[in-house]
Amino acid sequence: DWSSDVCSSDLAQLGMIVLSTFSLVAHAQVQVQGQVPVSPRKPAPVVVAPPKEKGPMSIDAERLEGVMDIEMTARGRAELRQDDMTIFGEVLRMNEEYRRIDGEGGVRLEMGNDRFSGNRLRMETSTSVGSFTEPTYQFRGQDRPIRGSAELMQFQGKDRYSIRRGSFTSCEPGRDDWYVDFTQLDLDYEEGAGTVTNAQIHFKDATLFTLPWLTFPLESRRKTGFTAPSYYQTTRGGTEIETPFYWNIAPERDLMLTPHYISSRGYQLNSDFRYIDRSYKGNLRVEYLPDDKQLKQTRSGRSEEHTSEL
């Protein structure tokens, strides 16, 4: 047997079997708390932490025009720096009253390790709200880096982005094993989740599937959702693809559901339920192959393991 790794976080491969997962996974949690009558009392005041003060701003260009501390225009290889943000462009305009920056002419934006470039930029420095037209982007400072291009990117505050009509991948530059075209991509690094609307999943120049909606994790902390699929070839099974779905039921319980496509045998569903407590732990594994193409029958397997401390 031999295996070959496709670029990390091969999200595109889930398109081949994602419908089988959607039909098998349903999760609803309802919490009901009893209501106890209490005497009315004045609510405690809400204390809101003040926003972090921005550092000083520096401007460098071939020519500067305007009035300092009101509005300035930098022309010719303009460069603006503030904290971990740097903006490059042929023309940059800074309005101090509205704390707004407008850039045009091959604008590049660096925010920490992330990189953006496009035709036109507007950014409110006090709120990190703005927009970028026809951008390319690279989110490199997170657990799962992604890159792509789009018609429009909207900055919706710190670590929150909405990207319209574009594509993205997590493959290294020059190796686009998979990519996703979309109508809208929302990335929230505070919540650690991404959402794609009207997605077309492509793998090796082939369109695998079209999905109206898809969500995926942006970091490696425990979170309900799809994990990175795997793809490999074997001499017995042929092409095999696994698309795990992780359910974080509780801090002491979780479940992994893995639709497994085997080209020589068909679709298989594997499950692995784990639990742990102070005095015991265990897991239950179940495998189910409803129609084995080779043996022409249904196959299943089950294993249990439980360990207790006395």
Side-chain angles (χ1 to χ4, degrees), residues 4-23 25 106-109 111 113-122 130-156 159-189 191-219 223-231 239 241-245 259 261:
S4 59
D5 293 332
V6 183
C7 66
S8 63
S9 302
D10 288 326
L11 183 62
Q13 298 170 12
L14 67 87
M16 298 182 65
I17 49 179
V18 70
L19 285 184
S20 63
T21 302
F22 287 161
S23 63
V25 178
V107 184
R108 292 186 294 121
L109 169 64
M111 299 179 67
N113 292 321
D114 301 331
R115 302 289 184 267
F116 312 89
S117 62
N119 292 334
R120 186 182 297 272
L121 169 70
R122 168 165 287 191
S131 62
F132 221 144
T133 59
E134 299 184 0
T136 60
Y137 54 89
Q138 296 183 33
F139 294 98
R140 304 191 298 183
Q142 310 296 333
D143 293 339
R144 296 184 176 181
I146 66 171
R147 61 180 178 85
S149 60
E151 291 185 14
L152 177 68
M153 169 180 282
Q154 294 179 324
F155 300 87
Q156 299 182 328
D159 296 327
R160 296 178 64 240
Y161 309 88
S162 182
I163 307 172
R164 308 292 178 86
R165 295 176 294 278
S167 64
F168 77 91
T169 180
S170 65
C171 298
E172 297 178 357
R175 188 187 175 190
D176 291 352
D177 290 335
W178 72 266
Y179 63 95
V180 178
D181 290 329
F182 56 83
T183 300
Q184 181 167 331
L185 170 64
D186 295 315
L187 303 174
D188 190 335
Y189 285 98
E191 295 294 330
T195 303
V196 187
T197 304
N198 295 329
Q200 278 195 335
I201 302 172
H202 305 270
F203 179 70
K204 298 291 188 181
D205 297 325
T207 301
L208 298 182
F209 226 88
T210 299
L211 299 173
W213 181 83
L214 179 68
T215 183
F216 57 95
L218 292 172
E219 51 189 29
K223 180 180 177 62
T224 296
F226 289 101
T227 65
S230 60
Y231 162 87
T239 300
I241 300 175
E242 293 181 336
T243 310
F245 182 90
Y261 172 73

- is_close_aromatic(Phe155, Tyr161), centroid dist under 6.0 Å: yes
- Item | Pair Phe132 + Tyr137: ring centers closer than 6.0 Å | no
[atom1] of [X] to [atom2] of [Y]: how many Å apart, nearest 0.5 Å?
{"X": "Asp177", "Y": "Glu172", "atom1": "CG", "atom2": "CD", "answer": "9.5 Å"}
{"X": "Ser149", "Y": "Ile163", "atom1": "OG", "atom2": "CD1", "answer": "10.0 Å"}
{"X": "Met153", "Y": "Thr133", "atom1": "CE", "atom2": "OG1", "answer": "11.5 Å"}
{"X": "Ser162", "Y": "Asp186", "atom1": "OG", "atom2": "CG", "answer": "4.0 Å"}
{"X": "Tyr179", "Y": "Ile201", "atom1": "OH", "atom2": "CD1", "answer": "12.0 Å"}
{"X": "Thr243", "Y": "Tyr261", "atom1": "OG1", "atom2": "OH", "answer": "12.0 Å"}

Restricting to non-hydrogen atoms, name the atom on [X] and the atom on [Y] that form the minimum distance, rounded to 0.1 Å.
{"X": "Thr169", "Y": "Trp178", "answer": "OG1-O, 2.7 Å"}
{"X": "Asp114", "Y": "Phe139", "answer": "OD1-CA, 3.3 Å"}
{"X": "Gly194", "Y": "Leu187", "answer": "CA-CD2, 4.2 Å"}
{"X": "Arg147", "Y": "Cys171", "answer": "NE-O, 3.0 Å"}

- Task: Could you tell me whether the side chain of Leu121 reaches within less than 4.5 Å of the side chain of Phe116, counting heavy atoms only?
- Result: no
- With a 4.5 Å heavy-atom cut-off, do Gln154 and Arg164 have their side chains touching? yes
- Message: We want to know whether Ser117 and Thr136 form a side-chain donor-acceptor pair, criterion being a heavy-atom distance below 3.5 angstrom.
- Response: yes
- Message: Looking at Arg120, I'd like to know if its CZ atom is crowded, meaning that more than 12 non-hydrogen atoms belonging to other residues, nucleotides or ligands lie closer than 6.0 Å.
- Response: no
